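Structure, as structure tokens:
For clarity, every value in this text was computed on a predicted model and none was experimentally measured. Whatever order the structure lists them in is the order used to number ligands and atoms, beginning at 1. What's counted below: heavy atoms across the whole structure, side chains too, no hydrogens, waters or symmetry copies.
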Amino acid sequence: MKSFQINENGYYGNFGGTYIPEILHQNVEELRKSYKTIINDESFKKEFSRLLRDYVGRPSPLYLSEKLSKKHGCKIYLKREDLNHTGAHKINNAIGQVLLARRMGKKRILAETGAGQHGVATATVCALMGMECVVYMGKTDVERQKANVKKIKMLGAEVISVTSGNMTLKDATNEALREWCNNPTDTYYVIGSTVGPHPYPDMVARLQSVISEEIKRQLTEQEGRDYPDYLIACIGGGSNAAGSIYHYLDDERVKIVLAEAGGYGIETGKTAATIHLGKTGIIHGFKTLVMQDDNGQIIEPYSISAGLDYPGIGPMHANLAEKKRATVFAINDNEALKAAFELTRTEGIIPALESAHALGALNKMDFKPDDIVVLTVSGRGDKDLETYMKYSQDYTAE
Ligand SMILES: *Cc1c(COP(=O)(O)O)cnc(C)c1O
């Protein structure tokens with residue numbers, strides 16, 4: 001059987017691995033040696049699942065959307081990660097990694113954030129566990145995600161506004177990595193997605209895999225079978241998608257559909273469609289598809305959605321795309337906005353702009369009447385209201 005899992009060297013096919021400065025070698029090696037033992041330990045599992053249940057509010061519902069089902073002529077379920085505490089799937093990973101950091105004896109937590117959801121999630125867990133927390137965020141994102149910046153500060157974390165490059169997620173990640181190099185011993189770096197040097201992509205995927213574990217159980221209850229025909233998720237770095245597909249990676253009855261950010265369109269130069277446009281390269285400590293020019297310089301990504309505005313992609317997803325295990329759509333800003341207003345007006349659910357890209361993919365697909373589709377709504381749209389209001393005239397007119 002073909003396997004799409006990670007191999008023992010930290011690669012998914014041609015992608016992944018560990019490409020880091022010497023100074024971080026010991027830290028990453030320590031993490032690589034201990035992460036599986038710690039997260040598979042019974043007492044860790046018990047504490048993690050108790051917090052997921054009582055603090056996050058899991059399991060998140062699997063909701064049958066009658067409106068979307070009717071429109072697309074199949075059965076469409078929404079996996080409601082938007083209902084988690086702090087409003088997105090990011091909290092699953094943040095709890096797992098901060099618990100792990102504590103078990104490794106670390107005192108101080110570093111994080112990068114784009115839309116601010118990972119920053120809020122990490123600051124939340126640090127408040128809960130009494131850990132010092134520093135969040136790196138590009139200045140552009142600080143300005144477009146004001147509510148999340150205020151939350152991070154109220155939670156007691158320090159926000160460092162990064163002014164290099166495009167002043168977005170890529171630049172925040174560079175600075176966070178640099179800071180980690182300066183404090184390699186007492187500090188733990190919580191990466192917010194399935195990116196970074198091995199073992200981060202695998203560790204984050206495992207911590208998020210609670211999503212597909214629940215989908216299996218919930219589909220069995222609601223449909224009498226534990227797998228869907230399609231799984232659909234948006235991809236920034238790939239963590240909500242990785243969590244949604246984790247237990248179905250090698251089950252080819254399940255078709256995987258990933259939605260990346262097309263921005264203004266993949267031909268326009270204003271885009272974050274990494275899988276469509278990227279070439280193999282190294283970014284943030286791992287090998288993947290990277291949006292780069294002929295000299296290997298990273299091309300600044302653009303998306304209306306801060307959470308998808310990243311010039312790389314998780315190595316698991318680059319491999320799934322290369323091996324054609326996943327179908328990847330680039331969903332443009334206007335297609336995502338349209339889908340967001342549609343879900344809001346028909347189901348009363350305001351999705352995050354990121355999740356709206358997954359919803360936008362539905363409009364590019366054809367389904368059979370007995371198809372069962374599970375689409376992950378990675379987060380809620382509270383943080384995006386200013387953006388939505390700016391466009392509401394264009395998308396709500398009769
Ligand atoms: C961060 C974020 C994303 C993108 O990150 P992934 O790691 O690709 O999941 C998607 N949706 C929401 C709501 C987010 O906050």
Side-chain angles (χ1 to χ4, degrees), residues 60 78-94 97 111-122 124 135 137-138 141 144-145 147-148 151-152 168-170 172-173 190-196 200-201 203-205 207-209 211-212 231-246 256 258-261 272-275 284 288 301 303-318 320 326 328 331 336 339-340 343 349-361 375-384 387:
S60 66
L78 303 177
K79 182 60 174 159
R80 301 286 310 276
E81 294 299 300
D82 58 310
L83 294 177
N84 293 340
H85 179 44
T86 70
H89 64 292
K90 298 266 172 34
I91 189 87
N92 306 325
N93 169 56
Q97 284 197 56
E112 83 295 331
T113 197
Q117 289 302 111
H118 175 56
V120 169
T122 306
T124 297
V135 177
M137 191 167 183
D141 292 333
R144 62 179 167 175
Q145 303 290 342
N148 276 343
K151 282 186 201 165
I152 295 169
T168 61
L169 181 56
K170 162 179 76 68
T173 308
V190 179
I191 295 186
S193 189
T194 42
V195 297
Y200 278 102
M203 179 167 64
V204 175
L207 295 172
Q208 291 289 1
S209 71
I211 301 174
S212 58
L231 282 168
I232 307 178
C234 66
I235 45 171
S239 69
N240 84 88
S244 305
I245 65 184
Y246 192 83
I256 296 171
L258 305 173
E260 60 179 5
T274 310
I275 294 182
H284 299 145
T288 189
S303 165
I304 192 170
S305 144
L308 304 184
D309 204 347
Y310 185 66
I313 178 64
M316 173 199 280
H317 313 69
L320 293 174
V328 184
I331 305 301
L343 187 74
I349 297 171
I350 304 177
L353 264 168
E354 292 82 7
S355 321
H357 288 71
L359 291 159
L375 183 150
T376 299
V377 180
S378 51
R380 64 178 88 124
D382 304 24
K383 66 183 175 54
D384 301 311
T387 309

Note to self: Is it the case that ligand 1 has an N or O less than 3.5 angstrom from some N or O of Ala88?
What the structure shows: no
Margin query: Evaluate Ser355 for polar contact with ligand 1, using N/O atom pairs at a separation under 3.5 Å.
Written below: no
Note to self: Is it true that Thr376 and Ser244 share a donor-acceptor pair across their side chains at a distance under 3.5 Å?
What the structure shows: yes
Next item on the list: Kindly confirm or rule out an N or O of Gln117 lying under 3.5 angstrom from an N or O of ligand 1.
Entry: no
Check: Are Arg144 and Asp309 ion-paired here, with the side-chain N under 4.0 Å from a carboxylate O?
Finding: yes
Next item on the list: Look only at the side chain of Ser193 and the backbone of Gly238, and say whether a donor-acceptor pair between them is shorter than 3.5 Å.
Entry: yes
Checklist line | Within reach of ligand 1, part of Glu81 (heavy-atom separation under 4.0 Å) | finding: neither
Notebook entry, point to check: Looking at Lys79, His89, Arg80, which one forms a side-chain hydrogen bond (donor to acceptor under 3.5 Å, both in side chains) with Ser60?
Noted result: Lys79
Margin query: Is the contact between Asn240 and ligand 1 made by the side chain, the backbone, both, or neither, using heavy atoms and a 4.0 Å cut-off?
Written below: both
Margin query: Is there a polar contact between ligand 1 and Gly237, counting only N or O atoms under 3.5 Å apart?
Written below: yes
Next item on the list: Please write down residue, atom name and distance for the protein heavy atom closest to atom 4 (C) of ligand 1.
Entry: Gly307 O, 3.5 Å
Next item on the list: Write out the residue and atom name of the closest protein heavy atom to atom 14 (C) of ligand 1, then the distance separating them to 0.1 Å.
Entry: Lys90 NZ, 2.9 Å
Margin query: Which residue and atom name correspond to the protein heavy atom nearest atom 6 (P) of ligand 1, and how close is it?
Written below: Ser239 N, 3.3 Å
Note to self: Between Glu354 and Ser378 (side chain of the first, backbone of the second, donor and acceptor by atom type, cut-off under 3.5 Å), is there such a pair?
What the structure shows: no
Note to self: Tell me whether ligand 1 is touched by His89 - counting only heavy atoms on the residue side and a distance under 4.0 Å.
What the structure shows: yes
Margin query: Under a 3.5 Å threshold, yes or no: a donor from one side chain and an acceptor from the other, between Gln208 and Asn93?
Written below: no
Next item on the list: Using atom types as modelled and distance alone, determine if a side-chain donor or acceptor of Thr194 lies under 3.5 Å from a backbone N or O of Gly237.
Entry: yes
Checklist line | Ala352: numbered ligand 1 atoms lying under 4.0 Å from its heavy atoms | finding: 13 (C)
Checklist line | For atom 7 (O) of ligand 1, closest protein heavy-atom neighbour | finding: Ser193 OG, 2.5 Å
Checklist line | Side-chain (Gln117) to main-chain (Thr86) donor-acceptor, under 3.5 angstrom | finding: yes
Next item on the list: Give yes or no for whether the N/O distance cutoff of 3.5 Å, strictly under, is met between Cys234 and ligand 1.
Entry: no
Notebook entry, point to check: For atom 10 (C) of ligand 1, which protein heavy atom lies nearest, and how many Å away is it?
Noted result: Glu354 CB, 3.4 Å
Next item on the list: May I ask you to check whether Lys383 has an N/O atom sitting below 3.5 Å from an N/O atom of ligand 1?
Entry: no
Margin query: Can you confirm, on distance only, whether ligand 1 has an N/O atom lying under 3.5 Å from any N/O atom belonging to Thr194?
Written below: no
Margin query: Could you check, using the six-membered ring where one of them is a Trp, whether Tyr310 and His284 have ring centers closer than 6.0 angstrom?
Written below: yes
Notebook entry, point to check: Is there a donor-acceptor pair closer than 3.5 Å between any side-chain N or O of Asp82 and the backbone N or O of Ala352?
Noted result: no
Margin query: Tell me the protein heavy atom at minimum distance from atom 12 (C) of ligand 1, and give that distance in Å.
Written below: Ser378 OG, 3.4 Å
